[in-house]
Amino acid sequence: MDAMSEVTAASPRRSSRVFHKMRVLAQGRGHNGKKFRETCETVVVNGQGGLLTLKHEVDNGEMLVITNPETQEEQECRIVYLGDPGDNGQRVGIEFLTPAPRFWGVEFSESPPAEDSSAVH
C-alpha cells in the first residue's frame, strides 16, 4: 500500500484573507473565568472570522462577542487558534458562528485566488 494515498490535502479556505488593521471591541470570559471587555486590533480578516491581538488571556473554544465600532454590528464567534503571547498581547484566531463577510467593511473574493503559475517554487 502506498503511504502517500493516506495523505489528504488541506481543505481550501472558504474566503480569501485580507491584512486589515482595525479596532474592534471584544467581550468574553478570560482564562481566569472573569468577564472582560477590551478594545483590540485585527491583523488578518476573512468572511468567516479573523486574527486579533488580545491583551486578556483566553482559552481555545471559548466564545467572544466582537463589535465593529463603526457600525455597532456585533458578531458571536468562537476562539479557534491561540498564538504565543507577545509584548502586544496574544494573537487569537476567531471564527464567526454565522459567516459575516460584510462585518469588517472590506470586500472578499468568493474563493481564494488560484496559484500564480509564474511564482517561483
Side-chain angles (χ1 to χ4, degrees):
M1 179 160 99
D2 183 8
M4 293 299 281
S5 64
E6 295 178 24
V7 176
T8 57
S11 59
R13 291 198 168 271
R14 292 170 283 180
S15 69
S16 58
R17 292 182 290 181
V18 176
F19 286 95
H20 182 64
K21 189 181 232 183
M22 70 179 278
R23 290 187 183 276
V24 293
L25 177 68
Q27 302 173 73
R29 286 195 187 273
H31 179 67
N32 59 7
K34 293 183 180 175
K35 290 182 180 179
F36 72 89
R37 286 171 62 109
E38 85 171 72
T39 300
C40 58
E41 279 194 339
T42 61
V43 180
V44 177
V45 298
N46 69 22
Q48 280 77 31
L51 185 65
L52 314 171
T53 303
L54 284 180
K55 295 275 189 208
H56 284 83
E57 270 190 59
V58 293
D59 293 324
N60 206 356
E62 284 292 318
M63 304 303 285
L64 289 179
V65 175
I66 304 297
T67 305
N68 180 332
E70 292 178 22
T71 63
Q72 294 304 307
E73 183 182 350
E74 291 185 347
Q75 276 297 320
E76 288 187 316
C77 50
R78 178 181 302 108
I79 297 170
V80 294
Y81 167 79
L82 295 174
D84 293 328
D87 293 340
N88 297 329
Q90 183 174 29
R91 286 188 171 194
V92 175
I94 58 164
E95 178 182 54
F96 296 145
L97 298 188
T98 306
R102 291 180 175 79
F103 178 78
W104 305 114
V106 295
E107 290 293 318
F108 301 102
S109 60
E110 288 299 311
S111 60
E115 284 189 32
D116 184 356
S117 59
S118 65
V120 176
H121 292 282

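Only heavy atoms go into these numbers, but all of them, side chains included; no hydrogens, no water, no symmetry mates.
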Heavy-atom donor-acceptor pair, Thr53 side chain to Gly89 backbone, under 3.5 Å: no
Atom pair CD/CZ of Glu38 and Arg23 - distance to nearest 0.5 Å: 11.0 Å
Thr98 to Gln75 - nearest heavy-atom pair and separation: O-OE1, 3.5 Å
Closest heavy-atom pair and its distance - Gly61, Arg78: O-CG, 3.9 Å
Separation between CZ of Arg91 and OG1 of Thr42, rounded to the nearest 0.5 Å: 10.5 Å
Aromatic ring pairing Phe36/His56, orientation class (parallel under 30°, perpendicular over 60°, tilted between): parallel
Heavy atoms from other residues, nucleotides or ligands near CD of Gln27 exceed 12 (cutoff 6.0 Å): yes
Nearest-0.5 Å distance that lies between atom CG in Leu25 and atom CD1 in Ile66: 7.5 Å
Separation of Asn32 CG from Asp59 CG (nearest 0.5 Å): 9.5 Å
Hydrophobic cluster membership, Phe96 vs Leu64, 4.5 Å side-chain cutoff: yes
Gap between atom CZ of Phe103 and atom CD of Gln48 - 0.5 Å precision: 14.0 Å
Verify same cluster id: Val106, Ile94 (apolar side-chain graph, 4.5 Å): yes
Side chain proximity check, Trp104 to Val18, heavy atoms < 4.5 angstrom: no
Same apolar cluster: Val65 and Leu97, side chain cutoff 4.5 Å: no
Closest non-hydrogen atom pair, Lys55 against Asp87: NZ-O, 3.8 Å
Path from Met22 to Leu54 over hydrophobic side-chain contacts below 4.5 Å: yes
Intermediate values then yes/no, side chain to side chain contact (heavy atoms under 4.5 Å, CB included), Val92 and Leu82: CA-CA 5 Å; Val92 175; Leu82 295 174; 4.1 Å; yes
Atom pair CD (Glu76) and CD (Glu95), whose distance is rounded to the nearest 0.5 Å: 13.0 Å
Least distance between heavy atoms, Pro69 atom then Val24 atom: CD-CA, 3.9 Å
Cluster check Tyr81, Val58: I/L/V/M/F/W/Y, side chain < 4.5 angstrom: no
Over 12 non-hydrogen atoms of neighbours within 6.0 angstrom of CD in Glu57: no
